[in-house]
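Inspection log for the structure reproduced underneath, given as structure tokens.
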Amino acid sequence: MSNASQYGDLATQLLTESRRSTATNTLLKYNDVLVRAIVREQRDLDARLESALARSAPDDDGDGDILTEEEREELKNRWMPTILLYQTAILRNKRCLLAYHHHRLELLKDLYWSVGGALPLLLALPPAAAKVAAGAQAAASAAVAGGAAAAAPQDVRSKLSPHEVDFLRSYADSLRILREEAFSSAAGAAAGEGITEDIDLLAPISHPPKDLQVHVRVVRDCGVVYTELGAIDFRRGHRFLVRRADIEHLIVQGYLEEL
């Protein structure tokens, strides 16, 4: 960093990127280059701060003479603006980094819920298939949840850092454990709470369904699905009347479209 006036410029660029992502409601590619540059700036600032602190409280004046209390106070006051500048820059960079990553994690959680908790589907969407999934998801969302859920963007995996992929997997595991331990019929029976059916945490609840049966059209092939009526081979273009609870997750994930 050539001069103090440039400290914080990189963090400002990171926040501008987050604002653009919010304004367009899109997931941008993780800016690893900019994040690493800010981390390097943090290390440089930390080294400068340590040097300034050491110079503000020396044991002698450099010639071996012990400093008086007044001289120590004067030297400390002389270095205090520099120390405050470095400390403020460090804290601001830290806040910007936390804000950037928090924004992305919240967006990733929204995407996870928008596909009904189907993490493999979210990570495996290629650019070409993503357009179909996005259109199907928008139609399903409008029918099932009043259009509240956002469609998954194209090629999500390529826009994530390795740590964000690990976060999504950990988030999915945490929800799975929660469902098994608190919202399953087996857990309810063991606790004596009288839960007789599994509660699907990932089901949309914006608008409660009016009927138990639902007419659906297959948007994307999803193979054989075992329902209450037996095994059904969902092939693209076919229509079925099925029990909503058996296929609601497929509607949310964009495989089926409610008619």
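Because the structure is a prediction, the values reported are computed rather than measured.
Using a cut-off of 4.0 Å between Lys/Arg side-chain N and Asp/Glu carboxylate O, Asp173 and Arg169 are scored as not salt-bridged. Salt-bridge annotation for Asp44 and Arg40: absent, with no side-chain N of the basic residue lying under 4.0 Å from a carboxylate O of the acidic one.
Atom CZ in Arg95 sits 14.5 Å away from atom CD1 in Ile90 (nearest 0.5 Å). In this structure, CG on Leu97 lies 6.5 Å from CD on Gln42, to the nearest 0.5 angstrom. Interatomic distance, CG of Leu107 versus OH of Tyr112, reported as 15.5 Å (0.5 Å rounding). Distance NZ/Lys159 to CZ/Arg104: 9.5 Å, rounded to 0.5 Å. Distance CZ/Arg19 to OG1/Thr24: 13.5 Å, rounded to 0.5 Å. Separation of atoms CG (Leu168) and CG (Leu108) is listed at 5.0 Å; rounding is to 0.5 Å.
At a threshold of 4.5 Å between side-chain heavy atoms, the hydrophobic network of Ile, Leu, Val, Met, Phe, Trp and Tyr places Tyr7 and Ile83 in one connected group. Residue Leu15 is not grouped with residue Val35 when hydrophobic side chains (ILVMFWY) are merged at heavy-atom distances under 4.5 angstrom, including chains of intermediate members.
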Is there a side chain to side chain contact (heavy atoms under 4.5 Å, CB included) between His215 and Phe240? Walk through the geometry before answering. CA-CA 6 Å; His215 285 275; Phe240 299 92; over 6 Å; no
Step by step, work out the side chain to side chain contact (heavy atoms under 4.5 Å, CB included) result for Val219 and Arg236. CA-CA 5 Å; Val219 179; Arg236 183 177 180 180; 5.9 Å; no
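The number of heavy atoms from other shown groups lying within 6.0 Å of NZ (Lys94) does not exceed 12. Surrounding CZ of Arg235 are at most 12 heavy atoms belonging to other residues, nucleotides or ligands under 6.0 Å away.
Nearest heavy atoms, Arg92 versus Ala11: NH1-CB, 3.8 Å. Residues Ser21 and His103 approach most closely at OG-CE1, 3.3 Å, considering heavy atoms. For Tyr100 against Asn31, the heavy-atom pair with the smallest separation is OH-N, 3.1 Å.
With Asn93 as the partner, the side chain to side chain contact (heavy atoms under 4.5 Å, CB included) test is satisfied by one option alone out of Leu10, Leu45, Thr12, Leu14: Leu45.
When side chains are defined from C-beta on, Phe234 counts as touching Ile232, because their heavy atoms get closer than 4.5 Å. Inter-residue side-chain proximity for Val216 and Arg239 is flagged as unmet; no heavy-atom pair is nearer than 4.5 Å. Using a 4.5 Å heavy-atom cutoff, the side chains of Asp233 and Val225 are not in contact. Within the 4.5 Å cutoff, the side chain of Trp113 has heavy atoms near those of the Leu175 side chain.
Tyr30 contributes no side-chain N or O that, together with a main-chain N or O of Ser158, makes up a donor-acceptor pair within less than 3.5 Å. Within the 3.5 Å criterion, the main-chain N or O of Ala47 finds no donor-acceptor partner in the side chain of Ser51.
Between Phe167 and His101, the distance separating the two ring centers is not shorter than 6.0 angstrom.
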